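Reading through the structure tokens given below for one structure.
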Amino acid sequence: MSPVPSDSVGSGSGHLAEPEAVDEFALIADLFVPLTGGHPAARGLADDAAFLVAEPGTETVLTVDAMVAGVHFLPDDPPDLIARKLIRVNLSDLAAKGAEPVALLLAAAFPHDVTADWLRAFAEGLRQDLTTYDTVLIGGDTVATPGPLTLSLTAIGRVAAGQGLPRSGASVGDDIWVSGTIGDGSLGLRAARGELNGLSAADVAFLADRYRLPRPRIELGPRLIGLAGASMDVSDGLIQDLGHLCRASGVGARIEMALVPLSDSASRAVDFGLVTLASLLSGGDDYEVLFTASPRFAEAVAALGGSLGLPLTRIGAIVAHADAVTVIDPAGSPLVPVEGGWRHFRAGQRRDV
Ligand code: ADP
Ligand code: MG
């Protein structure tokens, strides 16, 4: 599609308030072609489509996530961080499937008043994380919009055929594990909005960074093949996502709140009464990996966490009650989420910004 007309992004005119100021093709040539890393699949972004050679014995894993200004990031967030979060939330889905990133496709709808400086910073953010995660951009689409900045990234990954990790592989008796820490993303959104008065500047900065720059666990995912039964990434809140995993597997889960790993900053936020532990379990934007494994693999899982320098924490076990997630509070009492109960929590934890 080509609704973004005339002139050049490279014109150096700075502010592109005129709709005719950005040229789609100059934008692609100047900013996006360098992000292909010369990958043959991209064909120099000079063809209608990319051509990716299929590797025998592998499956292609595809995922897409959209991000909209004012919904998934703050409209005035730095453009490089927006670009990097876009890449990272998609790579998180690949990681949870045990897949390695291969290439990305980007569909971008830029507001008419986007500036050349903004676009350059955005492309620089893409470049930075393409390098970090050793992947390339092989295509996409660029349009202008009268609405908010809207970005959609498709991530293409690869996994040995039949080895990808499903949500549906949990068995009764499995341990439930989670990587990293839970709750930093939702607290980080509040930190980024200046709503965490009482925490130190260092804690606020740590949490805001966790919201703006998730750490996709791409080194973990492929190593879980052979250990994990079910796996998914935690993006919409630990409890809700665990519920999805349970439904897909036809099992229930029992987790202990006191075992859920918190960062030091999040622990302090709980201690200071800025947030409840229960609400952290329902907050979004964690981008950690939630997985199940037979207890016979417990030592291997712990050793894997050690070798990756990534905390892997057992938070509970899979039980037979289909679909039900039971949370045991730190005093040992079960908090069975009643219909609408967790939903009520989530209403106070809206992802809208
Ligand atoms: P078409 O009109 O055939 O859809 P376009 O003119 O939109 O193709 O795009 C031309 C080339 O530029 C294609 O290779 C496309 O994949 C690439 N491209 C366009 N926008 C982007 C983008 N935002 N990121 C990466 N590649 C892009
Ligand atoms: Mg075409």
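Starting from 1, each residue takes its place in the sequence as its number. No experiment lies behind these values; they were computed from the predicted model shown. Counting convention: from 1, in listed order, for ligands and their atoms alike.
Residues passing the salt bridge (charged side-chain N to carboxylate O under 4.0 Å, His left out) test with R223: none are found, sequence neighbours excluded. Residues forming a salt bridge (charged side-chain N to carboxylate O under 4.0 Å, His left out) with D77 (at least two apart in sequence, or on another chain): R212.
Taking the six-membered ring where the residue is Trp, F110 and W118 present perpendicular rings, their angle passing 60° and hence far from 30°.
The backbone N or O of G183 sits less than 3.5 Å from a side-chain atom of D286, completing a donor-acceptor pair. Using a distance-only test at 3.5 Å, with no hydrogens or angles considered, a donor-acceptor pair links the side chain of R190 to the main chain of L274.
Geometrically, ligand 1 and I138 share no nitrogen or oxygen pair separated by less than 3.5 Å. Here's the thing with F25: none of its N/O atoms is less than 3.5 angstrom from an N/O atom of ligand 1.
Close approach of ligand 1 to D48 is summarised as follows: ligand atoms under 4.0 Å from at least one heavy atom of the residue are 3 (O). Near L45, the atoms of ligand 1 lying under 4.0 angstrom from a non-hydrogen atom of the residue are 11 (C), 12 (O), 14 (O), 26 (N). Atoms of ligand 1 found under 4.0 Å from any heavy atom of T142, numbered from 1 in the order shown, are 19 (C), 20 (N), 21 (C), 22 (C), 23 (N). The ligand atoms of ligand 1 that sit less than 4.0 angstrom from a heavy atom of L106 are 22 (C), 23 (N), 24 (N). Every atom of ligand 1 is numbered from 1 in the order shown, and the set under 4.0 Å from a heavy atom of G139 is 16 (O), 24 (N), 25 (C), 26 (N), 27 (C).
The proximity of L137 to ligand 1, defined as any non-hydrogen pair under 4.0 Å, is limited to the side chain. Of all the heavy atoms of I28, the ones lying under 4.0 Å from any atom of ligand 1 belong exclusively to the side chain.
Between E24 and ligand 1 there is a heavy-atom distance shorter than 4.0 Å.
Contact between A83 and F122 at its shortest, heavy atoms only, is CB-O, 3.3 Å. Contact between L227 and F297 at its shortest, heavy atoms only, is O-CD1, 3.4 Å.
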